[in-house]
**Q** 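Let me begin by handing over the structure; questions about it come next.
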There are 2 protein chains.
Amino acid sequence: MSKTSQPKRKTERSLKHNHDACIQTALARAEVRCAQEGERFTGLRRQVLELVWSEHKPAKAYHLLKKLSDIRSGVAPTTVYRTLDFLQERGLVHKIESLNAYVGCSQPNAEHSGHFLICENCSEIREIENSKISAWLERAAQDEEFKIKTETVELLGLCIRCQPA
Amino acid sequence: MSKTSQPKRKTERSLKHNHDACIQTALARAEVRCAQEGERFTGLRRQVLELVWSEHKPAKAYHLLKKLSDIRSGVAPTTVYRTLDFLQERGLVHKIESLNAYVGCSQPNAEHSGHFLICENCSEIREIENSKISAWLERAAQDEEFKIKTETVELLGLCIRCQPA
DNA sequence: GTTAGAGTGATATATTATAACTAATAACGC
DNA sequence: GCGTTATTAGTTATAATATATCACTCTAAC
Ligand SMILES: [Zn+2]
Ligand SMILES: [Zn+2]
Ligand SMILES: [Zn+2]
Ligand SMILES: [Zn+2]
């Protein structure tokens with residue numbers, strides 16, 4: 001496969017993406033974030049977050065459990081769920097409700113619910129930074145005089161690479 | 001409780017709503033729908049759908065299982081999940097992913113993913129018929145050249161009756 | 001170094017969901 | 001009606017996801 005013959009599209013993550021750097025960025029941001037809030041970013045928390053970030057795909061809790069067992073002892077479901085809870089509360093990971101799985105948050109600074117595009121073919125997941133979405137949904141909710149607290153928006157379909165030509 | 005002294009707001013379902021009629025409508029529509037598609041609307045399917053519709057609240061599978069056991073014998077998890085799958089495939093119920101629960105579809109004619117407002121206080125759930133939402137989400141997805149197949153939109157918050165004055 | 005609180009380990013159990021096989025029932029062609 | 005076939009439902013077992021509880025350990029603060 002000749003790289004030069006391919007147009008460089010932003011969705012083709014594999015062509016442009018140094019994922020090690022991506023993970024390191026996430027870990028560094030988490031460290032800062034925890035420090036700011038007076039929370040400890042312990043070894044366990046770092047390991048779990050790193051595992052969650054190991055791919056741009058939703059990570060299942062019991063898969064994390066297995067991976068974590070390879071690098072630590074005394075790991076039980078509680079360990080993983082407790083740590084994921086901690087990371088969620090700090091906005092460092094999101095739970096994908098329709099998959100019972102977890103992904104690292106790509107914009108952990110702003111307070112937000114994540115909105116996701118999930119490819120049903122390759123499982124790649126992408127958090128959308130479209131600030132209009134929340135505004136739209138709030139407008140729709142206002143028609144019913146409903147006050148939104150948490151938005152679950154998970155759009156399952158095909159990413160550009162997996163769409164038939 | 002004086003009915004006349006209350007303002008009639010559309011969100012105050014209990015004041016305007018004859019829920020028996022609501023259930024009957026849902027069952028009748030399901031019957032028609034199944035007939036159209038050459039599917040059998042059996043006693044089991046009718047009972048499960050009726051239980052799902054028994055309140056405007058998400059129904060958990062194992063709660064349905066318990067209720068169903070009261071009116072039938074030989075009921076196991078499989079029974080419930082199989083029937084819910086059937087009903088979902090025909091667009092008669094939706095699964096609420098963030099709650100692992102099920103609700104009757106209030107517009108089973110149009111092909112659609114449901115969009116929901118869920119009150120975290122009273123659990124009332126309402127399916128929004130805002131056709132703009134899908135259009136908006138598709139626009140947002142198009143920015144990423146993503147093709148949506150299924151939308152999970154579950155907005156958790158407070159219904160008007162549960163909002164502090 | 002003591003202590004209080006946070007973090008983690010360990011064990012048990014609850015909740016949600018599926019697999020695989022069998023029996024009953026309905027639909028269909030004759 | 002009668003045998004054939006496909007659909008529906010029953011049965012049993014187990015997998016996958018998640019929480020509760022209590023005990024022990026570490027750390028930061030004093
Ligand atoms: Zn990355
Ligand atoms: Zn894909
Ligand atoms: Zn109703
Ligand atoms: Zn409410």
Side-chain angles (χ1 to χ4, degrees), chain A residues 30-31 33-52 58-90 92-103 123 152 154, chain B residues 30-31 33-52 58-90 92-103 123 152 154:
Chain A
E31 197 157 350
R33 181 85 195 251
C34 286
Q36 284 170 344
E37 302 190 2
E39 301 283 359
R40 289 167 53 202
F41 191 54
T42 63
L44 175 62
R45 289 165 180 174
R46 168 179 294 271
Q47 287 173 330
V48 170
L49 186 58
E50 182 165 2
L51 288 172
V52 167
K60 309 280 279 182
Y62 276 73
H63 176 74
L64 294 171
L65 171 55
K66 195 140 45 79
K67 290 291 182 187
L68 194 59
S69 300
D70 293 342
I71 55 178
R72 276 183 92 86
S73 63
V75 177
T78 321
T79 315
V80 172
Y81 284 105
R82 226 169 7 202
T83 308
L84 288 170
D85 284 349
F86 172 89
L87 296 171
Q88 277 181 91
E89 280 160 15
R90 271 82 207 163
L92 299 169
V93 309
H94 293 287
K95 179 173 186 188
I96 307 303
E97 299 288 354
S98 57
L99 299 174
N100 295 320
Y102 303 81
V103 291
S123 297
T152 298
E154 300 169 6
Chain B
E31 198 157 346
R33 182 83 195 249
C34 287
Q36 284 170 344
E37 302 190 4
E39 301 283 359
R40 289 167 52 203
F41 192 54
T42 63
L44 175 62
R45 289 166 181 173
R46 170 179 293 271
Q47 286 173 331
V48 170
L49 186 58
E50 182 165 1
L51 288 172
V52 167
K60 310 279 279 182
Y62 275 74
H63 177 73
L64 295 171
L65 170 55
K66 196 140 44 79
K67 289 293 181 185
L68 194 59
S69 300
D70 293 343
I71 55 176
R72 276 184 91 86
S73 64
V75 178
T78 321
T79 315
V80 172
Y81 283 105
R82 230 175 357 206
T83 308
L84 287 171
D85 285 349
F86 171 88
L87 296 171
Q88 277 182 92
E89 281 160 14
R90 271 81 207 166
L92 298 170
V93 309
H94 294 288
K95 179 174 185 188
I96 306 303
E97 299 288 355
S98 59
L99 299 174
N100 295 320
Y102 303 81
V103 291
S123 298
T152 299
E154 299 169 6

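Sequence lines set the chain letters: A, B, ... in the order given, protein chains first and strands last, and positions in each chain run from 1. No hydrogens, no waters, no symmetry mates; every other heavy atom, side chains included, goes into these values. The structure displayed is predicted, hence computed values, not measured ones.
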**Q** Quick check: does any side chain N or O of Glu154(B) sit under 3.5 Å from a backbone N or O of Ile96(B), one acting as donor and the other as acceptor?
**A** no
**Q** Rounded to whole Å, how long is the line connecting atom CD of Glu89(A) with atom C1' of dG7(C)?
**A** 14 Å
**Q** Would you list the atom pairs, donor with acceptor, under 3.5 Å between side chains in residues 35-44 of chain A and any protein atom, with sequence neighbours excluded?
**A**
unit_1   : atom_1 : unit_2   : atom_2 : d
Glu37(A) : OE2    : Arg33(A) : NE     : 3.1
Glu37(A) : OE2    : Arg33(A) : NH2    : 3.3
Glu39(A) : OE2    : Arg90(A) : NH2    : 2.6
Thr42(A) : OG1    : Arg45(A) : N      : 3.3

**Q** Mind calculating the distance between CG (Leu44(A)) and C1' (dC26(D)) to the nearest angstrom?
**A** 13 Å
**Q** Using heavy-atom distances to pick each residue's nearest nucleotide on DNA chain C, tell me which of Ala76(A) and Phe86(A) is more 5'.
**A** Phe86(A)
**Q** So, taking the atom named CG in Asp85(B) and the one named NZ in Lys95(B), what distance separates them when rounded to the nearest 0.5 Å?
**A** 9.0 Å
**Q** Could you check how far CG of Leu64(A) sits from C1' of dA18(D), rounded to whole Å?
**A** 14 Å
**Q** Whether Lys60(B) contacts dT15(C) is assessed here as follows: a side-chain N or O lying under 4.0 Å from the phosphate OP1 or OP2. Is that the case?
**A** no
**Q** At under 4.0 Å between heavy atoms, how does the protein contact nucleotides 17-26 of chain C? Give one character per nucleotide, 5' to 3', with B, S or -.
**A** BBBB-----S
**Q** Should Cys34(B) and Leu92(B) count as side-chain neighbours, where that means a heavy-atom distance under 4.5 Å?
**A** yes
**Q** Side chain of Arg72(A) only, heavy atoms from C-beta on: which candidate in dT8(D), dG9(C), dT11(D) is closest?
**A** dG9(C)
**Q** Determine all donor-acceptor pairs shorter than 3.5 Å in which one atom belongs to a side chain in residues 59-75 of chain B; sequence neighbours excluded.
**A**
unit_1   : atom_1 : unit_2   : atom_2 : d
Lys60(B) : NZ     : Leu99(B) : O      : 2.9
Ser69(B) : OG     : Leu65(B) : O      : 2.7
Arg72(B) : NH1    : Gln47(B) : OE1    : 3.0

**Q** Provide, to the nearest angstrom, the distance between the CD atom belonging to Glu39(B) and the C1' atom belonging to dA6(D).
**A** 12 Å
